[in-house]
A.B. asks: 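Here's a structure for you.
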Amino acid sequence: MWSSCHPKSDEDMKECAELGKSLSRLSQPTILMILAQSGEPMHGYIIVQQAAHSPMFGGKKPDATGIYRALKRMEEQELVTSEWDTPQEGSAKRMFTLTDKGYSCLRRWIDALACYEMTIEQLRELAAQSLGIDLPPTPECSHDPA
């Protein structure tokens, strides 16, 4: 049965291809959020730096190569666009901008993340039942650098 947590078809998946695939793909909503907050074009290095302070990375610098790969995928999906900034001095930098489709995708992520949260809680409950134990309290997770 389809719900807002699960796209109806492959066509729905194409709207925001990362939704529903894997929790390891949460760098996409992180990048979308950073670009939406900025409202201005940003180069990848700044995105990597700001991602480190997001809940996804908890103060640890993410793998820059992974962020750049995600940006390339997102550009192919038309969630972001990029242009080269070629200053008279210094090196050229690729500047990324969120598209209207990217804003829509970020809005869908808000719902998808809520669905992930509910699904994970259900998995916790089922795992505890499988072990014949009471559901342990939800741990307090800190995203502050240790």
A.B. asks: Going from CD on Gln49 to NE2 on His43, what distance comes out if it is rounded to the nearest 0.5 angstrom?
C.D. replies: 9.5 Å

A.B. asks: Taking Tyr103 for the side chain and Leu79 for the main chain, is one N or O donor matched with an acceptor at less than 3.5 Å?
C.D. replies: no

A.B. asks: Is any side-chain heavy atom of Arg94 closer than 4.5 Å to a side-chain heavy atom of Asp85?
C.D. replies: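 In short, these two side chains do not touch, never coming nearer than 4.5 Å.
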
A.B. asks: Which atoms form the tightest heavy-atom contact between Trp109 and Tyr116, and what is the distance?
C.D. replies: CZ3-CE1, 3.6 Å

A.B. asks: Could you report the tightest heavy-atom contact between Glu75 and Thr81, atom names first, then the distance?
C.D. replies: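 For Glu75 versus Thr81, the nearest heavy atoms are OE2-C, 3.9 Å.
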
A.B. asks: From Lys93 NZ over to Trp84 CH2, what is the distance, rounded to the nearest 0.5 angstrom?
C.D. replies: 11.0 Å

A.B. asks: How many angstroms lie between atom CE of Met33 and atom CD of Gln50, to the nearest 0.5 angstrom?
C.D. replies: 8.5 Å

A.B. asks: Indicate the atoms forming the closest heavy-atom contact of Thr86 with Ala92, along with that distance.
C.D. replies: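 In this case the closest contact between Thr86 and Ala92 is CG2-CB, 3.7 Å.
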
A.B. asks: How far apart are the C-alpha atoms of Ser82 and Thr97, what are their side-chain angles, what is the distance that settles it, and do they pass the side-chain contact (heavy atoms from CB on, under 4.5 Å) test?
C.D. replies: CA-CA 6 Å; Ser82 70; Thr97 304; over 6 Å; no

A.B. asks: Restricting to non-hydrogen atoms, name the atom on Lys101 and the atom on Gln77 that form the minimum distance, rounded to 0.1 Å.
C.D. replies: NZ-O, 3.1 Å

A.B. asks: Are any of the side-chain nitrogens in Glu121 or Arg124 under 4.0 Å away from the carboxylate oxygens of its partner?
C.D. replies: yes

A.B. asks: Which pair of non-hydrogen atoms, one from Leu26 and one from Met56, has the smallest distance, and what is that distance?
C.D. replies: CB-SD, 3.3 Å

A.B. asks: Say whether Met42 and Tyr68 are linked into one hydrophobic cluster, either directly or through other cluster members, by side-chain heavy-atom distances under 4.5 angstrom.
C.D. replies: yes

A.B. asks: Do you know which two heavy atoms are closest between Leu35 and Phe96, and how far apart they sit?
C.D. replies: CD2-O, 3.5 Å

A.B. asks: Is there a side-chain contact (heavy atoms from CB on, under 4.5 Å) between Ile120 and Glu117 once you walk through the steps?
C.D. replies: CA-CA 5 Å; Ile120 289 168; Glu117 183 177 34; 6.0 Å; no

A.B. asks: Would you compute the distance between atom NE2 of His53 and atom NZ of Lys61 and round it to the nearest 0.5 angstrom?
C.D. replies: 11.0 Å

A.B. asks: Check whether Leu126 and Met118 end up in the same hydrophobic cluster, where Ile, Leu, Val, Met, Phe, Trp and Tyr are linked by side-chain heavy atoms less than 4.5 Å apart.
C.D. replies: no

A.B. asks: How far does CD1 of Ile31 sit from CZ of Arg73, to the nearest 0.5 angstrom?
C.D. replies: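 So the gap between those two atoms works out to 8.0 Å.
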
A.B. asks: For Pro62, run the side chain to side chain contact (heavy atoms under 4.5 Å, CB included) check against Ile67, Ile47, Thr30 and tell me which one passes.
C.D. replies: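 Answer after filtering Ile67, Ile47, Thr30: Ile67.
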
A.B. asks: Using a 3.5 Å distance criterion without hydrogens, assess whether the side chain of Thr119 forms a donor-acceptor pair with backbone atoms of Cys115.
C.D. replies: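 Yes, the answer is positive, given that a donor and an acceptor are paired below the 3.5 Å cut-off.
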
A.B. asks: Which distance, rounded to the nearest 0.5 Å, do you find between the CD of Gln37 and the CG of Leu32?
C.D. replies: 11.5 Å

A.B. asks: Atom CD of residue position Glu83 - does it have more than 12 heavy atoms of other residues, nucleotides or ligands inside 6.0 Å?
C.D. replies: no

